[in-house]
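Throughout, a chain's letter reflects where its sequence line sits, starting with A, and its residues are numbered from 1. Quick caveat: nothing in here was measured; it's all calculated off a predicted structure.
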Amino acid sequence: MEKAGRKEKNENGENFNIIIYNELKKFYKEKKQWWPWEKTAYMPISAILTQATNWRNVEKAINNLKNAGIKTFEDVINNADKLEELIKPAGFYRKKAKRIIALANLFIKKKNIERDDLLSLNGFGKETTDSILLYHFDKPYFVIDNYTKRFHERLTGKKEQCYEKLAAFYGKSLTVEEMKEFHGLIVEHCKNTCKKDPLCNKCPLINLCFYYKNHETRNQKG
DNA sequence: CTCCAGGGGGCCA
DNA sequence: TGGCCCCATGGA
């Protein structure tokens, strides 16, 4: 069922999310590693470190862990006393150190980690949890972050607050690998173009974008 | 100097 | 539910 005014498909019957995905893919041709350190302990750790934090600061913290010889969850536990100092560049370091230790204990204790295991830990909301499920465990959960929410509101002109609806919308009919890339493309797009103060004059999606249609005078100034 | 970054929890109405 | 505050560093 389509809600009134909501573009689910175009005239060729393609899903709207796939149209957006393909446009972004064309525009950002250069392939990047969207979430580095996949399949290593650094990936789930960086999911915590990046909470409300600039990625550059996350990289500094990860480099500190590498230089300290910490590369597994066992290493994390064995160096728990040094953790706060090492991740300091990523900010909120007292809270994040606790979260990383809890994460390490879970990974060591449990083999088949499920969504509720992560969600039940303090500091693990849906975004953090789903990024770990998607990028570390290859499970089909589309990650909805603040970038995606802003992107969606601009694109459709509607503020959707329901995480599950957004995840279903953007992840529809996509494979796990496509979900990874699409999420990465949205992040890339929001960092470069669909910023807080958007650069619509260099956006590949203007023909599809509600915000652009309703802010033409603003955008013509360049 | 100010603002904000790939969140989440606690508290309060 | 919805709004606000807190956590903290570092770059623009």
Chemist: So, is A:Arg56 near the phosphate of C:dG10, with a side-chain N or O under 4.0 Å from OP1 or OP2?
Modeler: no
Chemist: Tell me the interatomic distance from A:Asn57, atom CG, to C:dA8, atom C1', rounded to whole angstroms.
Modeler: 10 Å
Chemist: I want to check a possible cation-pi pair here: A:Lys66 against A:Tyr42, using under 6.0 Å from ring centre and within 45° of the ring axis as the test.
Modeler: yes
Chemist: Expressed in angstrom and rounded to an integer, what is the separation of A:Lys88 atom NZ from C:dA8 atom P?
Modeler: 10 Å
Chemist: Would you kindly give the CZ-to-C1' distance between A:Arg150 and B:dA5, to the nearest whole Å?
Modeler: 10 Å
Chemist: Are more than 12 heavy atoms, taken from residues, nucleotides or ligands other than A:Lys39, located less than 6.0 Å from that residue's NZ atom?
Modeler: yes
Chemist: A:Lys191 NZ to B:dC4 C1': how many Å, rounded?
Modeler: 14 Å
Chemist: Mind listing the residues from residues 102-110 of chain A sitting with a heavy atom below 4.0 Å of DNA chain B? Number order is fine.
Modeler: none
Chemist: Figure out the CG/P separation between A:Asn54 and B:dC4, and round it to whole Å.
Modeler: 14 Å
Chemist: Considering only the C1' atoms, how many Å lie between B:dC1 and C:dC7, rounded to the nearest integer?
Modeler: 22 Å
Chemist: State plainly whether the residues A:Glu23 and A:Lys26 are in salt-bridge range, i.e. N to O under 4.0 Å.
Modeler: yes
Chemist: How many Å lie between NZ on A:Lys195 and C1' on B:dA5, as a whole number?
Modeler: 13 Å
Chemist: Protein within reach of the bases, or only the backbone? For nucleotides 7-13 of chain B, mark each nucleotide 5' to 3' as B, S or -, using heavy atoms under 4.0 Å.
Modeler: BSSS---
Chemist: May I ask you to decide if the ring planes of A:His189 and A:Phe151 are parallel, tilted or perpendicular, using 30° and 60° as cut-offs?
Modeler: perpendicular
Chemist: Whole Å only: how far is the NZ atom of A:Lys196 from the P atom of C:dG11?
Modeler: 20 Å
Chemist: May I ask you to check whether over 12 heavy atoms, not counting those of A:Lys109, lie within 6.0 Å of atom NZ?
Modeler: no
Chemist: Less than 4.0 Å between a side-chain N and a carboxylate O, is that true for A:Lys88 and A:Glu85?
Modeler: yes
Chemist: Kindly assign one of parallel, tilted or perpendicular to the pair A:Phe169 and A:His152, based on the angle between their ring planes and the thresholds 30° and 60°.
Modeler: perpendicular
Chemist: Say you pick atom P in C:dC4 and the same atom in B:dC3; how far apart are they, in whole Å?
Modeler: 16 Å
Chemist: Rounded off to whole Å, could you give me the CG-to-C1' distance for the A:Leu49 and B:dA5 pair?
Modeler: 14 Å
Chemist: Side chains of A:Leu103 and A:Phe124: closer than 4.5 Å at any heavy-atom pair?
Modeler: yes
Chemist: Between A:Lys180 and A:Glu177, does any NZ, NE, NH1 or NH2 come within less than 4.0 Å of an OD or OE carboxylate oxygen?
Modeler: yes
